[in-house]
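Reviewing the structure listed below.
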Protein chains: 2
Amino acid sequence: MSDTELASDLVVHAARLVRAVRRDLELPAGTRIISLLDEHGPLGITQLAELDRCSQPTMSAAVAQLVESGWVTKKPNPDDARGTVVTLSDTGRDELRRVRRRHGERVAALVAQHPDLTTEDLATAVAVLRGILQEGTS
Amino acid sequence: MSDTELASDLVVHAARLVRAVRRDLELPAGTRIISLLDEHGPLGITQLAELDRCSQPTMSAAVAQLVESGWVTKKPNPDDARGTVVTLSDTGRDELRRVRRRHGERVAALVAQHPDLTTEDLATAVAVLRGILQEGTS
DNA sequence: GAGCACTACATAGGTTGCCTATGTAATCTG
DNA sequence: CAGATTACATAGGCAACCTATGTAGTGCTC
């Protein structure tokens with residue numbers, strides 16, 4: 001199978017996976033954001049939007065929700081009064097742990113059902129997705 | 001990294017990829033459906049919903065849209081007057097080809113930017129996603 | 001062969017997750 | 001200091017889902 005065919009299949013299957021997970025486990029948009037904050041530390045709205053590859057207004061709204069949930073805090077940036085610093089709170093970190101465990105257990109169980117899929121394969125899949133998303137502005 | 005961590009990352013990154021693709025290339029829900037019809041041949045609404053892991057009403061609406069676009073046809077099932085048979089039309093097959101080429105080229109280009117990602121890695125990623133989704137009712 | 005449970009699909013109504021367009025305030029730049 | 005740029009917020013709208021519920025056809029059971 002060619003690269004283009006594979007790449008196209010990758011997208012369709014990824015879409016299917018996301019909806020399947022969202023369906024019976026919940027996958028709010030906020031999960032992606034707190035995951036970014038966990039990985040990169042405190043960030044501004046625009047930076048978050050770029051990392052998550054969504055529009056700035058979308059990120060504004062998403063962060064507002066997270067603030068309401070108490071998973072992040074939003075403070076004015078001391079070095080630039082226009083900007084904001086979004087920081088992961090302790091409860092946010094807890095939530096991230098919970099979500100990760102839920103998703104992890106579930107998906108890992110499915111992977112385990114397929115003896116031909118190894119941990120290495122899983123790592124490869126993640127690496128591929130991560131690679132594709134990296135600076136993939138092209 | 002543990003399996004659960006990897007699995008959780010897989011979900012988050014898949015979500016990010018899907019939105020990124022949807023953003024600058026369009027990834028309508030119909031794409032998944034005509035892709036299923038291409039793979040499995042004519043199917044009923046409920047069967048499609050199960051394969052795509054969405055609810056039946058969602059699939060009803062999606063198929064209605066596809067009918068309007070002319071990419072599929074919907075006929076009553078001769079063996080069961082309650083049922084419907086959804087069939088991929090020629091224009092639908094053309095559309096599928098177009099979409100696949102667009103997505104494929106785009107994502108394949110991104111993959112090509114990362115010399116450490118091989119075609120085999122890509123194939124592995126697809127296999128992982130496909131495996132996870134297979135009968136993943138658990 | 002009448003009633004009942006079940007199945008396949010449609011409709012209604014609501015939520016979430018995004019987007020573009022646009023406004024506002026703060027910061028840089030000539 | 002005027003104008004461009006940057007960081008964010010607001011408004012309005014659309015696509016893709018969902019659950020709950022209705023309806024018609026099927027199959028079983030007695």
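These values consider heavy atoms only, across backbone and side chains, with no hydrogens, waters or symmetry-generated copies. Computed from a predicted model, the values in this text were never measured in an experiment. By convention in this document, chain letters (A, B, ...) are assigned in the order of the sequence lines, proteins followed by strands, and residues within each chain are numbered from 1.
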| When you measure from the side chain of B:Ile45, which nucleotide among C:dC18, C:dC9, D:dC8 comes out closest? |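 Comparing C:dC18, C:dC9, D:dC8 against the side chain of B:Ile45, the answer is C:dC9.
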
| Which nucleotide in D:dA7, C:dC18, D:dA16 has an atom nearest any side-chain atom of A:Arg32 |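 Nearest to the side chain of A:Arg32 among the choices is C:dC18.
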
Without decimals, in angstroms, what is the distance between [X] [atom1] and [N] [atom2]?
| X | N | atom1 | atom2 | answer |
| --- | --- | --- | --- | --- |
| B:Leu51 | C:dA8 | CG | P | 13 Å |
| B:Gln47 | C:dA8 | CD | P | 8 Å |
| B:Met59 | D:dA16 | CE | P | 12 Å |
| B:Leu25 | C:dC19 | CG | P | 14 Å |
| A:Asp80 | D:dT5 | CG | P | 17 Å |
| B:Leu43 | C:dA8 | CG | P | 13 Å |
| A:Glu26 | C:dT15 | CD | P | 15 Å |
| B:Gln65 | C:dT11 | CD | P | 14 Å |

| task | Apply the test side-chain hydrogen bond (donor to acceptor under 3.5 Å, both in side chains) to residues A:Thr124 and B:Asp121: give CA-CA distance (whole Å), side-chain angles for both, the deciding distance (0.1 Å), then the verdict. | result | CA-CA 6 Å; A:Thr124 301; B:Asp121 290 341; 4.7 Å; no

| message | As a quick check of understanding, evaluate side-chain contact (heavy atoms from CB on, under 4.5 Å) for A:Ser35 and B:Val12, giving each step before the final call. | response | CA-CA 8 Å; A:Ser35 159; B:Val12 168; 4.2 Å; yes

[N] OP1/OP2 closer than 4.0 Å to side-chain N/O of [X]:
| X | N | result |
| --- | --- | --- |
| B:Ser60 | C:dC9 | no |
| B:Thr46 | C:dC9 | yes |
| B:Arg22 | D:dA15 | no |
| B:Arg16 | C:dG17 | no |
| B:Arg23 | C:dC19 | yes |
| B:Lys74 | C:dA10 | yes |
| A:Thr58 | C:dC19 | yes |

| message | Looking at every heavy atom in both A:Ile45 and A:Ser60, which two are closest together, and how far apart are they? | response |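 It is CG2-OG, 3.7 Å.
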
| said: Just to be sure I understand the rule, does A:Asn77 reach a base, reach only the sugar-phosphate, or reach nothing, if contact means heavy atoms closer than 4.0 Å? | reply: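 Nothing: the residue A:Asn77, judged by heavy atoms under 4.0 Å, touches no strand.
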
| said: With a sphere of 6.0 Å drawn around CG of A:Asp90, does it hold more than 12 non-hydrogen atoms of other residues, nucleotides or ligands? | reply: no

| task | May I ask you to verify whether the side chain of A:Arg82 and the base of D:dT6 hold a donor-acceptor pair under 3.5 Å? | result | yes

| said: Distance criterion of 3.5 Å, no angle test: do you see the side chain of A:Gln56 paired donor-to-acceptor with the base of D:dA9? | reply: yes

| message | Could you check whether B:Glu39 pairs with B:Arg130 (Lys NZ or Arg NE/NH1/NH2 to Asp/Glu carboxylate O, under 4.0 Å)? | response |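 Salt bridge: yes.
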
| Hey, is A:Arg100 close enough to A:Asp38 for a salt bridge, meaning N to O under 4.0 Å? | yes

| task | Map B:Pro57 and A:Thr84 onto DNA chain D by nearest heavy atom, then report which one ends up closer to the 5' terminus. | result |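 Counting from the 5' end, the first nearest nucleotide belongs to A:Thr84.
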
| task | Please tell me which of A:Arg19 and A:Val85 maps to the more 5' nucleotide of DNA chain D, matching each residue to the nucleotide holding its nearest heavy atom. | result | A:Val85

